[in-house]
Structure formats: C-alpha cells, structure tokens
There are 2 protein chains.
Amino acid sequence: MSVVYDRVALIGLGLIASSMFWAIRKAGLAGEVTGYARSEQTRETARRIGLCDRVCDSAAEAVDGADLVVLCVPVGAMDSVAREIAPVLKPGSTVSDVGSVKRAVIEAVGPHIPEGVHFIPAHPLAGTEHSGPESGFAELFRNRWLLIVPEGGADEAALARLRALWEGMGSHVDVMEPDHHDLVLAVTSHTPHLIAYTMVGVADDLRRVTDSEVIKYSAAGFRDFTRIAASDPTMWRDVFLTNKDATLEILGRFTEELFALQRAIRTGDGDLLHDYFTRTRGIRRGIIEAGQDTDAPDFGRAKVGE
Amino acid sequence: MSVVYDRVALIGLGLIASSMFWAIRKAGLAGEVTGYARSEQTRETARRIGLCDRVCDSAAEAVDGADLVVLCVPVGAMDSVAREIAPVLKPGSTVSDVGSVKRAVIEAVGPHIPEGVHFIPAHPLAGTEHSGPESGFAELFRNRWLLIVPEGGADEAALARLRALWEGMGSHVDVMEPDHHDLVLAVTSHTPHLIAYTMVGVADDLRRVTDSEVIKYSAAGFRDFTRIAASDPTMWRDVFLTNKDATLEILGRFTEELFALQRAIRTGDGDLLHDYFTRTRGIRRGIIEAGQDTDAPDFGRAKVGE
C-alpha cells in the first residue's frame, strides 16, 4: 500500500480516530499522523499507548501543514473546532469528518473553510459500544461502508484521494446526498439507538423487577439493547439534537406500527403477528447475504465463559 | 458425568430440543433420548443428522416408558401435545417444558398431567435467531440461566433431578414463581423482541429508503434488531398471545418513556438525553460483570469477512 497523504491530522481521539490511526499505520497510508484531543487526560493516554506519531496540545498545532484534517469530535463540537483550525489550514488540503449526521456538520463546518481548501464530509458506518482512545483497532472499518457526502460539487481529485484512504483502511465507499444520508441513518442507526436506550431505561425504572434480575436474566433481546445503549452519551445526544427532523419522522412511523402490533396482541390477532414476524425475517437474510453481519449462532456468544 | 435419566423424550425438535440432545449426549446425561416432531420433514431431517437415539412417528411412542418428557413445542401447541401424551405417561416420571411463558403453559399442560406424574415447568434463557432441528449445538445452554418454575409445591427429588440434568448441560439453575417469571421475561426478552420486529417492519415499509439501502447501510443498531427480528415467527406469536398482560404493561411503560425522550429531542433538551444515556450505560456494565455477554468489541464482528 502506498502513502495517500504525507500528513494527516486527527482532531478528537476517540474510537473512530484511534481506529483510523491504527488502520492508516498498518496499511502505511500516511507519512505522519498528528493528533489532538481537548482533554489533557486523553492526550496523555494517546501518548502512553503510542496513538498518533505526534500528539499536539492544540488543534492548530496538529493541523499545521496537514494535507488531510479529519474532524473526529461529536457533531456538537464541530463548529468550534472548525473555527479554531480554519486560520492554519494548508491551501489545497482537505478537511473531512466522521460525524453520524451530515447536514448539521455541513452547516457547522462549511462556513469556516477558507477558499482553496476542500471540504468533503464523510461517515464511516462502523463502531462498537466502546469509546475513547484505547478502544480503537485497525480492523474496525474492514468491509464496512464509508459514505462520502459532498455538498455540491466536490473536487474530483480530492474526493478520489479521500476515497483511496478509506479503501486502504478496508472500507467500501459510496457517495450520498446529505439529506438522504440523514434519513437513511435515522432508520438504520439513530432511531434503533433511541429505542434501545428507552427499553433499557424502562427496565431500570421498573419497581417489581430488580436491576439484578434484569441483569441476571438478560437473555437475547434485552442483552443486545444494552450493548447499543452503552454507546457514548455525548455523541448520541448530539446525533439526536442535530438529526432531529428525520429521527422524529421515523419515530412517528415506529410508534404507529408499534400500536398496530400492540392492538393485535390485545385483540389476539395471531395471524397479523405471524405475518409481520415472517416478513421481518426476510430483511435479516438480506443483511447476511450483503455481508454486513455474521450468521454465526448468537455471534458465537454461546461460547462465552468457556 | 453420570446418567440422570434412563430415558428422555423430546417432543418438538427445534433449536432448543436439538441443542438439548447434543448437550445430553456430550455429557452422557441420559441412557436413551427419543424424539418426535409433528412435521414428517423435521423427523426425516432429525434421522438424517442423527438427532436423538430414536425418532418416533408419534408423540405417544416417543413418550412411552420415558422418565423425563420435555415439551419443546411452541406455547400454543402445549395443550394438544399434553392431551395426546397424558395416557402413556409413566407413573413417577417427570414432565417439563422449555416454553418462554410459564403461566400459560401451566394452565395448558397442568390439567392433563395424571396423578403420580410430576409436572415441573422450566425455561432455558438461551437461544439464537436460528430455528429448526439443524440449528442446535451442545454449548447453547452453557453459562446460561435455566429457570425452574414449579406450580405450588413440586416434588423435591424430581426437581433436584431436573436441576441436575440442566446443570449437566452447563446451565445455572434458579427457581422462580410463574407470574414473576412472565413479568421478568416481558422486560428482558418479550418486549425487546416486539420492538425489534416493529423497527425492522418500519424500515421495510419506508418508501424513500429502499430495502437495499437499509440492508447495505445496516450499521450497528439496526443490524442487531434484524437479528432479533429473525427469530421464529410461530414461537413469538405464541409468546405475545400468551404473555399478553405483562407485555402490554411493559409496552405501556416503554411508550411513556419513548415519548419523554421524543419530547426532549423536539425541544432540544440535551441534558435530559445525556443523563438518560449515561444511566443506561451502567446497566450494560452490570451484564458484562454478570458474565451474561461478551465484552469483545462489537462481538468481534469487525473480523467478519476477514
């Protein structure tokens, strides 16, 4: 694999940025990778574990001379970070991000990008329930989608270069329009997360079932929800606040459907339930065939504790 | 491991029964295991893959002379199966089941159990999204809970023997009261399944997002929902129809909470969202510590396709 960018700057050093560093280093995609995190503790951790070739004490210092700057901070922090680095951005360089919401990032970052610098928003559809600089690993993006969401006409050469970086990290790359991206993600990620958070909250509130019972008897179903509901609170708060319209639309559809199934349970309409559950089963097959998940029974969880 | 029962009969040969057979055989817990499934095709499959020492063409034949009979059929089929085998049940033998709902099973099966036969309902908190005789494996119950739910005073010796069988298959055994069992499972399993089915249905319905997009871009979140929503439709239809009250109660609590979070999104109350998401994260840690799930990033899914 050949070097795609001489200098890459990662702003924000959580799960995604740390995974990017390990993947870039493993594939030799950059000459040097600098990093910055607002928290001094995070910077110290990064230095301790060798995350980034150079950890800087300011975003401006990390960005100085970089050919690619990737904003890996929560969506709510994009505006202030973009404002801070704008003056030192190198002419001809590219600014990208990894935010889960794209319209809001375009509105927050776009205005700060100076003439002659390419702004190409992106979103890797990869993650785990873990967060922080120590949670990253080089394989996170392998066989996962990376959506490039250019606002208007992005520079073809700059886009091709960013694509090469992500493909070098193992991702499949697609290009998508911002608003459509936000709707698709509201369906495949944002609303499911809110629902999982809610269900876990309900279990926690319940008086007649103790937390220890919930935890002890957390069979498949709730257990998967708790994994989703363990994701980074700040990141997810920002996702819902910045993808408000699409999330609320999908939530509306969800409650509408839920009430229909609830009514079927109340009235004992077994046929409706059976037909519904049979239909949803088909989507799962599609995902397995699309290679976006493993078909191993229960993710091999049956082996836990062996 | 020593033999716990000379003869075990498994009625219904799906994921749970087939896993029981492989686990019983691996640990040498029974002298002979007979099996019966209503579908001829299932019986043929069982014979082909060597599932059960003897596959019978009638439930009565499989039960004849058995020291333990385990009903592994959907909850809705328990009544008719119990009625069919009642006349041939061996005096002093034990009848148990693996149904996900216990009050309904007790009401369906209990009246058919003759004097001198022990009826000890049970529920293994283990499963995968796969079903059928070929989906079973010996490790399914290892480090998973088996809830014994005796109605009134069960015979101590008979209960101890059933406990020994399940512990021999690797399960941890607890005893629980039927109605409490149904409430706990409504929280940890039944309601989460209904919610997952609903979300997958919504995605399938959506006009502006194609199924192929949903499948392609199924990041963590929705992907886990599809796994849950791929579970056996007949089994789950029966679960909801027979655990109606508890499921509807928890669903009520769920929608109440969901509307509160929806309102926080609409009004932009980031603090409420952040606090909520931080609280739910704690439950996850409890489950990891309780050994009921793996802490491996994304269940090692990042390795998919490597």
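Order of the sequence lines sets the chain letters (A, B, ...), proteins ahead of strands, with each chain counted from 1.
Using a 4.0 Å cut-off between charged side-chain N and carboxylate O, B/Asp174 and A/Lys216 make a salt bridge. Electrostatic pairing of A/Arg237 and B/Asp275 does not count as a salt bridge here, judged by no charged N lying under 4.0 Å from a carboxylate O.
Here the closest heavy-atom approach between residue B/Arg281 and residue A/Ser131 is recorded as NH2-OG, 2.7 Å. When every heavy atom of B/Glu213 is checked against every heavy atom of A/Met176, the shortest pair comes out as OE2-CE, 4.3 Å. Nearest heavy-atom pair, A/Gly201 versus B/Thr280, reported as atom, atom and distance to 0.1 Å: N-CG2, 3.8 Å. The shortest non-hydrogen separation linking B/Met199 to A/Thr191 is SD-CG2, 3.9 Å. Taking each heavy atom of A/Gly268 and B/Lys244 in turn, the nearest pair found is N-NZ, 4.1 Å.
Atoms CZ and CZ, from A/Phe240 and B/Arg266 in turn, are 14.5 Å apart once rounded to the nearest 0.5 Å. Taken to the nearest 0.5 Å, the CZ atom of B/Phe222 stands 11.0 Å off from the CD1 atom of A/Ile228. The line from CD1 of A/Ile195 to CZ of B/Phe254 is 5.5 Å long, rounded to the nearest 0.5 Å. Note that OG1 of B/Thr278 and CH2 of A/Trp236 are 14.5 Å apart. Values are rounded to the nearest 0.5 Å.
Using a 4.5 Å cut-off on side-chain heavy atoms (C-beta onward), A/Leu258 and B/Val202 make no contact. Counting heavy atoms from C-beta on, the side chains of B/Phe225 and A/Phe225 come closer than 4.5 Å. Counting only heavy atoms from C-beta outward, the side chains of B/Ile265 and A/Leu241 never approach each other to under 4.5 Å.
Most heavy-atom pairs under 4.5 Å with chain B, from the set A/Asp271, A/Leu273, A/Val200: that is A/Val200. Ranked by non-hydrogen atom pairs under 4.5 Å with chain A, the options B/Gln262, B/His180, B/Glu256 are led by B/His180. Between chain A and the options B/Val187, B/Asp245, B/Leu272, heavy-atom pairs under 4.5 Å are most frequent for B/Val187. Among A/Ala203, A/Gly170, A/Gly270, A/Gly252, the residue with the largest count of heavy-atom pairs under 4.5 Å with chain B is A/Gly270. Per-residue heavy-atom pair counts under 4.5 Å with chain B were compared for A/Asp232, A/Leu15, A/Asp269, A/Asp238, and the maximum is reached by A/Asp232.
Relative orientation of the B/Tyr197 and A/Phe277 rings is parallel, given thresholds of 30° and 60° on the angle between their planes. Note: A/Trp145 and B/Tyr217 have perpendicular aromatic rings, judged against thresholds of 30 and 60 degrees for the angle between ring planes.
For a residue to count as touching a neighbouring chain, one of its non-hydrogen atoms must lie under 4.5 Å from one of that chain's; by this rule B/Thr255 touches chain A with the side chain only. Using a 4.5 Å cut-off between heavy atoms, A/Phe141 does not touch chain B at all. Only the side chain of A/Thr247 comes within less than 4.5 Å of a heavy atom in chain B; its backbone stays farther off.
No donor-acceptor contact under 3.5 angstrom links the side chains of A/Thr198 and B/Arg253, judged on distance only.
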